[in-house]
Trainee: 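After the structure tokens below, expect a handful of questions from me.
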Amino acid sequence: MTLLEFARGPAINAALVIFVFGVIWRLFWLLFLPRAADHSVAKLGAGAAVSSAAGGFVRHMWPPREYAARTRFSLIVGYVLHFGLAIIVFGFAQHILFIRDIFGIGWPGLPTGVITVVSVITLAALIAALVRRMTNPVLKMISTFADYWAWFVVTLPVVTGLMAVSHLLLRYEDMLGVHILSVALMLATFPFSKLMHAFLVFVTRSQTSFFYSRRGSHV
Amino acid sequence: MNKPIDAAAASKVILSQTEQHLVGYMEACLHCGMCAEACHFYEVTGDPKYTPAYKLFPMARAYKRERSPLSWFGLTRKVTEEELKEWEELIFDSCTMCGRCTTICPMGIDIASIVGQARKAFAAAGLGPEDLQAAAENSRDHGSPLGLSPEKLMDRVEWLEDDFETEMPMDKAKADILLTVSSIEAMKYPDSIVAMAKIMNTAGADWTFSSKGYESTNFGYLAGRPDIAKLMVTRIVEAAEAVGAKTVVIPECGHAYGVMRWSGANILGRPLPFEVLHITEYIAKLVRDGTLKMKPFTDAITYHDPCQVSRRGGATQDARDILAGFATDFREMDPTGELNWCCGGGGGVQAMARAADLRHKVFQLKIDQTEATGTKKLVSACANCRMTMDESKDALHWDGELISLIELVADALVVGDEDGDGDE
């Protein structure tokens, strides 16, 4: 079995199983924790649970104008890397083929040149995020191993993907195998890492918005 | 003298509070650090230790070690006595639970909620500023944090009634409204109590004070002492039930309002049998329905939103509705409303002597905000904010003026065809 066969076969399959069951397990575990009953009476005119949760979810996508100057770097880097990763994962023709193999659905891909440019920009945003985390006094103080691990497992597939496409360092097949293994590493550790924020964001933003909406506040 | 610190007791309390929303919050923090930009303590010091997310580290660690789905990996070490001691300042002295950090958090984490729960854990471990704990114990033993016993309240009310010729019913058998006080007002700003009475009387309200339940501040809640928090809520609830009150009005005190309005029923474990209104909500209703009329107040003023009334209380508009009725030169500060900067003394920080220097630094923010509006008259609707700002005003030698909103209203009241000088 070659490295590529191993990566495409047992490695990525096992990682996908861990990812799916891990995410479900963690979400179920959280959602079935006890909920404290709220005996307080909501303010007259407070929005319905669903609409207030949805409104808050959208509101927290962008901080209020007051914070614009203070959060510019984090926002730009954050949005560039999130959109960049989404474009790479869902816009690259080979990735779409991979998705079609699993789910049976696909869509037209973007030109490889576009994906390469997006990947380089995304990598630059990831590096900027890391440099800031290591140099900004606030981020230095609050960063833990989990933060650096999340950065590492996201950055590795971007780097190895770019290297595979550019035929750098190893034979294409071997670098593709390394790339798929890096994706497997990301998927297998996803449910147990900070990357779970991709799912938890729906939980926390919604519950906070509901909490404040009952009070007649728009936080 | 160093008190023994019981880290195991702290962990036990943290682990007893693993409700869904708190766990979700602790799991979801990205450590992006944006919350620092919204915290007044970080703003005025630039010290990264005041980053709100950092304040939660001991709670997150205790939870991850014992309760998280990944705890069986055994990767997280215990919370130590030394860490709890180090974090005490961050949980008590430098968090007013104002909730501003939530407005910037991309995950929408309500850090103030976690700090509120964390205080219980720290108190269980034997931590927490001694003066804050003493305020809570005074409330339990003497009825109020500042020694306002039932007898003192009755004396004071009698004196105020005589001095200001304003009727202030005490211990009526039945009344629609139970009016509460904060001992800060009773001991330091008695004019506020007179103002509330004048407004109630002018509105023709059927109201009373009760010597059984009068103290609206809840230092049990702020000090992390749930037994005292429950006792303080119970006193007011029982007093309200005894007089058959349909409404309990909380005076100018943000946390008193927040605790009774939003946590009172949960502390008690059952719905409250009455409506809870902050005094600004009550007055705003009277202004909106035309019951109260005021003479124009023409001086330029700006308004400081008490965090627990506006951002965390949802009553932001009420103060504006009141001011719109008579303040002809009201100027909003920037930021304002739900994004206001805290006074620096909420969450019991006002009661901590050792936090005074930090509070004074925060007040510089309010000075700058106020003066940017072109006035030096700062109105608010919280006696705790007022006392915090009063002390800082002196410490910083600011020549501006702090004004109570209800005193402003009471002074401008139009009574019948008169000009508002009377009270009946």
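Predicted, not measured: the structure shown is a model, and the values here were computed from it. Order of the sequence lines sets the chain letters (A, B, ...), proteins ahead of strands, with each chain counted from 1. Heavy atoms only: backbone and side chains are in, while hydrogens, waters and symmetry mates are out.
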Trainee: Which value, rounded to the nearest 0.5 Å, describes the distance between Cys105(B) atom SG and Arg205(A) atom CZ?
Mentor: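 Rounded to the nearest 0.5 Å, the SG-CZ separation comes out at 8.5 Å.
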Trainee: Mind checking the CG-OH spacing from Asp110(B) to Tyr212(A)? Nearest 0.5 Å is all I need.
Mentor: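 If I round to the nearest 0.5 Å, the distance is 3.5 Å.
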Trainee: Check whether Tyr42(B) gets within reach of chain A through its side chain, its backbone, both or neither, counting any heavy atom under 4.5 Å.
Mentor: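 Looking at Tyr42(B), just its side chain touches chain A.
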Trainee: Leu339(B), Thr103(B), Leu272(B), Asp334(B): which one forms the most heavy-atom pairs within less than 4.5 Å of chain A?
Mentor: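 Looking at each option in turn, the highest pair count goes to Thr103(B).
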Trainee: So, taking the atom named CZ in Arg215(A) and the one named CZ in Arg311(B), what distance separates them when rounded to the nearest 0.5 Å?
Mentor: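 If we round to the nearest 0.5 Å, Arg215(A):CZ and Arg311(B):CZ are 12.0 Å apart.
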Trainee: With a 4.5 angstrom heavy-atom cut-off, could you sort out which part of Thr316(B) is near chain A: side chain, backbone, both or neither?
Mentor: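 The answer is neither part of Thr316(B).
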Trainee: With rounding to the nearest 0.5 Å, note down the distance linking CD in Glu27(B) to CG in Leu27(A).
Mentor: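 Between Glu27(B) CD and Leu27(A) CG, I get 10.0 Å after rounding to 0.5 Å.
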Trainee: Which region of Leu30(B), side chain (C-beta onward) or backbone (N, CA, C, O), has a non-hydrogen atom less than 4.5 Å from a non-hydrogen atom of chain A, or is it both or neither?
Mentor: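 Contact with chain A: backbone and side chain both.
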Trainee: If you measure from NE2 on His197(A) to NE2 on His31(B), what distance do you get to the nearest 0.5 Å?
Mentor: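 Taking NE2 in His197(A) and NE2 in His31(B), the distance rounds to 13.0 Å.
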Trainee: For chain B, which candidate among Asn136(A), Asp147(A), Val203(A), Thr144(A) shows the most heavy-atom pairs at distances under 4.5 Å?
Mentor: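 Answer, by heavy-atom pair count under 4.5 Å with chain B: Asp147(A).
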Trainee: If we define contacts as heavy-atom pairs under 4.5 Å, which of Ala265(B), Ala38(B), Gly46(B) has the most with chain A?
Mentor: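 Option with the greatest count: Ala265(B).
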Trainee: Does any heavy atom of chain A fall under 4.5 Å from the side chain of Met34(B), the backbone, both, or neither of them?
Mentor: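 It is the side chain, since no backbone atom gets that close.
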Trainee: Considering only heavy atoms and a distance below 4.5 Å, find which of Ser40(A), Pro63(A), Ser143(A) pairs most often with chain B.
Mentor: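 If we count pairs closer than 4.5 Å to chain B, Ser40(A) comes out on top.
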Trainee: Between Arg214(A), Met61(A), Met196(A), who has the most heavy-atom pairs with chain B when the cutoff is under 4.5 Å?
Mentor: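 Most heavy-atom pairs under 4.5 Å with chain B: Arg214(A).
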Trainee: Is it the backbone or the side chain of Asp47(B) that comes under 4.5 Å from a heavy atom of chain A, or both, or neither?
Mentor: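 Contact with chain A is absent: no heavy atom of Asp47(B) under 4.5 Å.
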Trainee: Quick one: closest heavy-atom pair of Thr204(A) and Ala28(B), and the distance?
Mentor: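 For Thr204(A) versus Ala28(B), the nearest heavy atoms are CG2-CB, 3.6 Å.
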Trainee: Hey, does the side chain of Arg35(A) reach the backbone of His21(B) with a donor-acceptor pair shorter than 3.5 angstrom?
Mentor: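 Not a single qualifying donor-acceptor pair exists.
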Trainee: Check each atom of Ala36(B) against the heavy atoms of chain A and say whether the ones under 4.5 Å are side chain, backbone, both or neither.
Mentor: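 It is the side chain, since no backbone atom gets that close.
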Trainee: Between Gly337(B), Gly313(B), Ala53(B), Gly264(B), which has the largest tally of heavy atom pairs under 4.5 Å with chain A?
Mentor: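 Most heavy-atom pairs within the cutoff with chain A belong to Gly313(B).
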Trainee: Under 4.5 Å heavy-atom distance to chain B, tell me which part of Trp62(A) shows up: side chain, backbone, both or neither.
Mentor: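 Neither part, no heavy atoms under 4.5 Å.
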Trainee: Checking Glu338(B) against chain A: side chain, backbone, both or neither under 4.5 Å from a heavy atom?
Mentor: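 Contact with chain A is through the side chain of Glu338(B) alone.
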Trainee: Do you know which two heavy atoms are closest between Trp262(B) and Lys43(A), and how far apart they sit?
Mentor: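 It is CH2-N, 4.0 Å.
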Trainee: Under a 4.5 Å cutoff for heavy-atom pairs, which residue among Pro34(A), Ser213(A), Ala129(A) has the most contacts with chain B?
Mentor: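 Result: the option with the highest number of such pairs is Pro34(A).
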Trainee: Take Leu268(B) and His39(A) through the side chain to side chain contact (heavy atoms under 4.5 Å, CB included) test and state the conclusion after the steps.
Mentor: CA-CA 9 Å; Leu268(B) 212 59; His39(A) 299 290; over 6 Å; no
Trainee: If you count heavy-atom pairs within less than 4.5 Å of chain B, which of Leu75(A), Leu33(A), Thr208(A) leads?
Mentor: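 Looking at each of Leu75(A), Leu33(A), Thr208(A) in turn, Thr208(A) comes out on top.
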Trainee: Find the distance between CE (Met141(A)) and CZ (Phe57(B)) and round it off to the nearest 0.5 Å.
Mentor: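 If I round to the nearest 0.5 Å, the distance is 9.0 Å.
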Trainee: So for Ser310(B), is it side chain, backbone, both, or neither that comes closer than 4.5 Å to the heavy atoms of chain A?
Mentor: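 Contact with chain A: backbone only.
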